[in-house]
Amino acid sequence: MSTLLSKRTLLQTLAGLAIASAAGLAQARTPAIAAIDAEGAADIGRSWLAQHPETASALRADLVPPSDDAPLRLRSRVRDDFRAGRMFIHRGWYLSETEARLCALITIS
Amino acid sequence: MPVADARSLPDATRIEGDIVIIGGGIAGLSIAHELAGTNARVVLLESGGPEPDREIQSLYDGGCVISGPGNRDWNFTEYLGTSRVRALGGSGHVWGGKCGPLDAIDFAERSWRPLSGWPFGRAELKPWYDRACDRLRLPRFPADDGLPEGQALEPVTDHQGPLRSSPRAYSPVSGRADPAAFAAFRDAPGRAENIHIHTHANVTGIRLKPDGAVDHLEVRCLTGTRHVACGRLYILATGGIENARLMLASNADRPEGVGNATGWVGRCFQGHCTISTADADPRGDAEVAFTTDRDLSLYDNQPRDRAHAVFVLSPEAQQGLGVGNCTLTLSLRPKAAAAAGSTRAAVEQTASAIEGPVPRRLDYFFMSEEAPNPDSRITLSERTDALGQPQAHLEWRYTQTDWDSLTGSAAGFARALGAQGLGRLCWPVEPETLIAAFGPSRHHMGTTRMSVDPAKGVVDADCRVHDTPNLYIAGSSVFPTSGLVNPTLTLTALAIRLADHLKNQLGIAR
Ligand SMILES: Cc1cc2nc3c(=O)[nH]c(=O)nc-3n(C[C@H](O)[C@H](O)[C@H](O)COP(=O)(O)OP(=O)(O)OC[C@H]3O[C@@H](n4cnc5c(N)ncnc54)[C@H](O)[C@@H]3O)c2cc1C
């Protein structure tokens, strides 16, 4: 898959999250959002939230700032998390903190 | 000289040579190869015959307990009898043939690893690594950690990041992989005029002169026949466990055994902890999910006819994490898709949303270096074998340092893969189930460790026993630290280096 396509996927994801910020994530069913297994994400999200109680609006503001380069920033943020060792371990999986927060947002939106 | 059966020699034969090698595995035979055709009379005493035999093999039986903090002990009684072969050619009959040189960091004294540091570095060993590759019919490995020449496949790592690619290749000199190539290696030395191989000749005692040098060897056959063997120089090459067993059991002249004045013989046993996702996680959730569409063929460890690569962490990453060396080996067999609603599905899809490509799910095999631990050791058991020799008992003891290193390395790989956008890793084991998840390697290292200071080890940098001037040791028991590569290429390089040293010592010529 090309980088272009991956950017598009990311854009769709973020578009989905942006819609969600207005209308609630549960109603937002873009293909990319639908592609993230909500049940599995909720498993991760709940576990994250149990350790880091945060509101949906705070997560949303943090993960989906109004900016044109949001998708690339999200990717580089994920990589920076890994680089700095900011990881969340769930059922043996090492996720970046940002990915775990994304799952948390999916869970509480 | 043709190979002679020690059982058919008259009782109490005195077998004489300039050099007497005890053990005809890959180490002992590599030395015999080097000395073949020279003016030295070389005697090689081998316990077995050319093919494995159950009665002879049972001389290897012994005890083994694997233990570590917070884990249940594993009473692995069969380990000593099943992790090596007692026959001419040794474990070469069954070994996998997987080879690579140790990484440069494996030789270094690492401030964060106790008892680390070899008396020399990888660059110094390079000429013998090259000759060992030729002997084992492998491509030569370059001086840096790069891939062998002619390797067309590209690594997905670079030389800067925390994730690196380390080369491996398979030797055909293995009874399991290529019986003809193995037989050629095993049998060639015996055809040289000056090499005298005696099969069914069990060395049961190393006897010392009052000055501490070896005087002679006691040799026994299972038929009851006894002989003695004498030489100017002796080389102990009976394998990583047996070298220590024989030195400890040779206690007729010194109660602590041979070469054991400082008490190091048998200590610091190191294997390699190995954990494979396929075995450790029957649910099949554990994997590495690759989020790159770059070609991973170089990491396919199945083809035997070309080199492949494994992932390692850079020296800086190892130091930063305070861990030992470790490798992550991929299996490129496709894995079943994640079940809907599972964490695994969500992780893969989230990673895919971030990185782009649909993840490729792969099983992996994790191998980690143990820190030398004096309490992880070979001792003599009260039980005896058919020759009346005390059996070996292996107390394979892990420490918290090993556990921290294992989990720290797994986290290190997860970090490095994520930071480079390559993928996400699931590590399948809880700390209290590590031993249950282990597949113990058949690599036996460290029990006669090499040290410059005689107070800190058994042999010097030339592999000569510190307090026994005419006794040398060949094999992985001399490794002070195990590093993270399968040991046989390195032990072969050291054996060839030792042969060169002996040629100089005795003024041996062609
Ligand atoms: C199943 C298996 C797979 C392996 N795979 C790999 C791999 O892929 N890569 C790798 O690098 N390593 C591998 N190894 C380890 C490898 O086989 C050993 O590192 C190597 O063969 C050791 O060679 P050696 O000559 O030092 O010892 P050994 O092979 O143990 O040889 C010792 C010799 O001494 C003889 N002997 C023992 N006691 C006496 C005595 N008292 N008197 C006289 N003779 C005696 C024995 O009969 C034997 O011939 C594997 C091992 C096994 C069992």
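Order of the sequence lines fixes the chain letters, A, B, ..., with proteins taken first and strands second; residue numbering starts at 1 for each chain. Hydrogens, waters and symmetry mates are skipped; everything else that's a heavy atom, side chains included, is used.
- For a residue to count as touching a neighbouring chain, one of its non-hydrogen atoms must lie under 4.5 Å from one of that chain's; by this rule B/Ala416 does not touch chain A.
- Ranked by non-hydrogen atom pairs under 4.5 Å with chain A, the options B/Ala286, B/Ala411, B/Ser342 are led by B/Ala411.
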Between B/Arg424 and A/Tyr94, is a side-chain contact (heavy atoms from CB on, under 4.5 Å) present by the stated rule, with each step listed? CA-CA 7 Å; B/Arg424 304 290 179 268; A/Tyr94 285 82; over 6 Å; no
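- Among residues two or more places apart in sequence or in another chain, the side chain to side chain donor-acceptor pair (under 3.5 Å) test is passed with B/Thr329 by none.
- Between A/Phe82 and B/Arg415, the closest heavy-atom pair is O-CG, 3.1 Å.
- Of all residues spanning residues 42-53 of chain A, those with a heavy atom less than 4.5 Å away from chain B's heavy atoms are A/Asp43, A/Ile44, arranged by number.
- Among all heavy-atom pairs drawn from B/Gly341 and A/Asp37, the shortest one is N-OD2, 2.5 Å.
- For A/Glu54, the side chain to side chain donor-acceptor pair (under 3.5 Å) test picks out A/Arg101, with sequence neighbours left out.
- Nearest heavy-atom pair across A/Arg83 and B/Ala419 is NH2-O, 3.0 Å.
- For a residue to count as touching a neighbouring chain, one of its non-hydrogen atoms must lie under 4.5 Å from one of that chain's; by this rule B/Glu430 does not touch chain A.
- The heavy-atom pair separating A/Gly40 from B/Ala346 by the smallest distance is C-CB, 3.3 Å.
- Rounded to the nearest 0.5 Å, atoms CG (A/Leu95) and OG1 (B/Thr350) are 7.5 Å apart.
- Sorted by first and then second residue, the pairs that involve residues 311-323 of chain B and meet salt bridge (Lys or Arg N to Asp or Glu O under 4.0 Å), not counting sequence neighbours, are B/Arg164-B/Glu316.
- The two residues B/Thr343 and A/Trp93 make their nearest non-hydrogen contact at CG2-CD1, 3.9 Å.
- Neither the backbone nor the side chain of B/Thr291 comes within contact range of chain A; no heavy atoms are under 4.5 Å apart.
- In this structure, chain A has no heavy atom under 4.5 Å from any part of B/Asp281.
- In terms of heavy-atom proximity, B/Glu355 sits nearest to A/Arg75 at O-NH2, 3.5 Å.
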